[in-house]
There are 2 protein chains.
Amino acid sequence: MNTSATYTYKHPRATIASDIVVFGYDGYQLHILLIERGVEPYKGMWALPGGFMLMDETIEECARRELREETSVSGAYLRQFDVFSDIHRDPRGRVVTVAFLALVSKADYHLLAGDDASRAEWFVHDELPPLAFDHNKIINEGLKHLRDLIATRPVVLHLLDKRFSIAELQRLVETITGEEYDRRNFQRRLIHSNLLRPEGTESDSGSRPATLYSVRPEVYDDSDDDFCESQNCMSCKPEPKGSLPDNDIESMQGKRLSRAMREGLNFFKF
Amino acid sequence: MNTSATYTYKHPRATIASDIVVFGYDGYQLHILLIERGVEPYKGMWALPGGFMLMDETIEECARRELREETSVSGAYLRQFDVFSDIHRDPRGRVVTVAFLALVSKADYHLLAGDDASRAEWFVHDELPPLAFDHNKIINEGLKHLRDLIATRPVVLHLLDKRFSIAELQRLVETITGEEYDRRNFQRRLIHSNLLRPEGTESDSGSRPATLYSVRPEVYDDSDDDFCESQNCMSCKPEPKGSLPDNDIESMQGKRLSRAMREGLNFFKF
DNA sequence: TCAAAAGTGTTTAGATTACACCCATGT
DNA sequence: ACATGGGTGTAATCTAAACACTTTTGA
């Protein structure tokens, strides 16, 4: 834009930015997406994708744009989770950053560094390099938030590939919550949950191939970046009234489902 | 300060503010604290307490300061819950606001309007006057957040007076969640929860006086504006090892407590 | 002695856990 | 045929909901 223009105000103002903690899952390990900074400060160091808010965009739009520009990731599930405003958190001056969480399947993206980023790479979530700014703190809070979220909403599903096995999902939930669950109970719970639709089977594998599932599209409604608030969310309606999808509730060995199950919520609070 | 000084930057900047949704409970109804604006814009209209962030304070400090200056409320439980950044949300220009939740017992405060506020008053949470800016939206999100929070953390306890009856607590939980619970089950659950300590009884009442309780101080640790993360939180330790407080778990009619109960979490998800 | 709200005990439906077992595949 | 992980059935345990009943106060 205009490089010589300046902007003058009666009171000092901080700068507003967004930083995004992008979680990616590959069926085995939870990763975090980092960029190598191409400009000062902290040039050459790893950092979270993010950047300054423009005057004609909301902070959500800012997060989405920066993510796209710096890493080529687009269309991800995004959710604001905290604000960091320590006075000296940025050597350039007063910068207040709004932290976002993004959840994607690693398989969905080919990373392409751009803009202020000279590289963009996935790191296993607990093997991170030294980070610029207070990004370590931001990531820690992001992990905490993800743990909280998983107990309330089926957000983890965003981390899975289009088609996935229940074992993959279990590994994911276990790394996030830090607990272990009985393989067999976990399986039954999910198969009967009405959240998933079977869709083919694994190829190779050295053992019996697992059934692959996809998430019933009605389960999430991202229009508001939130779950289960649409009228069409079958998993959320107490009584679907009409005929049920494949997994007929009543046909299941005569056992009834828990309320939590029927509602498709509170899934991963084991 | 210096009234003629100006501040010049190379890029345009938004202003950062905080707004606080203060919830107050009086044993019967949930209230929200509003101020009458004493300055333009929206002069004379009701609004949330809040204001611009200064350069030498964090956004949390800003929220606390504005709350004190405009309403004289101090020492409340405060928690950031959302950021509002719509481009035209403030007629004065681009203002991004960080929304906070505050939880207090109405009895603890004598309101005293000050600063930009000409009046400060409590309103029943579902009988609010027309509000300035997008404050209606902020309050709605605040209520949603409170509902989410209550299922995860025992935050409601902050809304109660030092000493309270279980009936008061039940009314509170019911207005927040919008559900009704069996009085007797609710009672037992809480009495056996290990969260409360009996402390005298109600006076007058027209019927059998209720036992009053106070919250065991170990239950919350506000140092980080968060619960149950201190080493001293007895309710959170899986096995307190030593001797238990009054409410000995094993002595309770031989019935064991649920994990949720023992941990003192997930209390109000009925 | 009655109304009104506090508080206790017990039953039962149903949800979760633990675990034995069978199945399908590659080597 | 055996190792490996996928998937099913079921008994035992635990939890939460429903509700009858007793207690304590003021009028």
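Reckoned from all heavy atoms, side chains included, excluding hydrogens, waters and symmetry mates. Order of the sequence lines sets the chain letters (A, B, ...), proteins ahead of strands, with each chain counted from 1.
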Q.
With a cut-off of less than 4.0 Å, is there a side-chain N or O of Arg188(A) near OP1 or OP2 of dT17(C)?
A.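 So the side-chain polar atoms of Arg188(A) never come under 4.0 Å of the phosphate oxygens OP1 or OP2 of dT17(C).
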
Q. For dG7(C), does either OP1 or OP2 sit under 4.0 Å from a side-chain N or O belonging to Thr211(B)?
A.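 Affirmative; the distance criterion is met.
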
Rounded to whole Å, please give me the gap between [atom1] in [X] and [atom2] in [N].
X         : N       : atom1 : atom2 : answer
Asn185(A) : dA20(C) : CG    : C1'   : 13 Å
Ile166(B) : dA6(C)  : CD1   : P     : 10 Å
Arg189(B) : dA16(D) : CZ    : C1'   : 7 Å
Arg184(B) : dA16(D) : CZ    : C1'   : 14 Å
Gln187(B) : dC21(D) : CD    : P     : 19 Å
Asp182(A) : dG6(D)  : CG    : P     : 13 Å
Arg183(B) : dT8(C)  : CZ    : P     : 11 Å
Tyr28(B)  : dA5(C)  : OH    : P     : 10 Å

(Q) Just verifying a value: how many Å separate Asp161(A) CG and Lys106(A) NZ, rounded to the nearest 0.5 Å? (A)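 Answer for the CG-NZ pair, Asp161(A) versus Lys106(A), is 11.5 Å.
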
Q: Any chance you could measure Arg188(A), atom CZ, to Asp182(A), atom CG, to the nearest 0.5 Å?
A: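 Taking CZ in Arg188(A) and CG in Asp182(A), the distance rounds to 8.0 Å.
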
Q.
Tell me which one of Leu159(A), Val155(A), Leu149(A) satisfies side-chain contact (heavy atoms from CB on, under 4.5 Å) with Ile176(A).
A.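 For Ile176(A), the side-chain contact (heavy atoms from CB on, under 4.5 Å) check succeeds only for Leu159(A).
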
Q: Kindly check if the number of other-residue, nucleotide or ligand heavy atoms within 6.0 Å of CD (Glu180(B)) is above 12?
A: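 Result for CD/Glu180(B): open.
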
Using nucleotides 22-27 of chain C, report all nitrogen or oxygen pairs with the protein that are shorter than 3.5 Å.
| unit_1 | atom_1 | unit_2 | atom_2 | d |
| --- | --- | --- | --- | --- |
| dC23(C) | O2 | Arg208(A) | NH1 | 2.9 |

Would you mind writing out the side-chain donor-acceptor pairs for residues 21-34 of chain B within the sub-3.5 Å range, not counting sequence neighbours?
| unit_1 | atom_1 | unit_2 | atom_2 | d |
| --- | --- | --- | --- | --- |
| Tyr25(B) | OH | Gly27(B) | O | 3.0 |
| Tyr25(B) | OH | Glu168(B) | O | 2.7 |
| Tyr25(B) | OH | Leu172(B) | N | 3.3 |
| Asp26(B) | OD1 | Tyr28(B) | N | 2.8 |
| Asp26(B) | OD1 | Gln29(B) | N | 2.8 |
| Asp26(B) | OD2 | His31(B) | NE2 | 3.2 |

Q. Do Arg171(B) and Glu174(B) meet the salt-bridge criterion of a basic N to acidic O distance under 4.0 Å?
A.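 No, Glu174(B) and Arg171(B) are not salt-bridged.
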
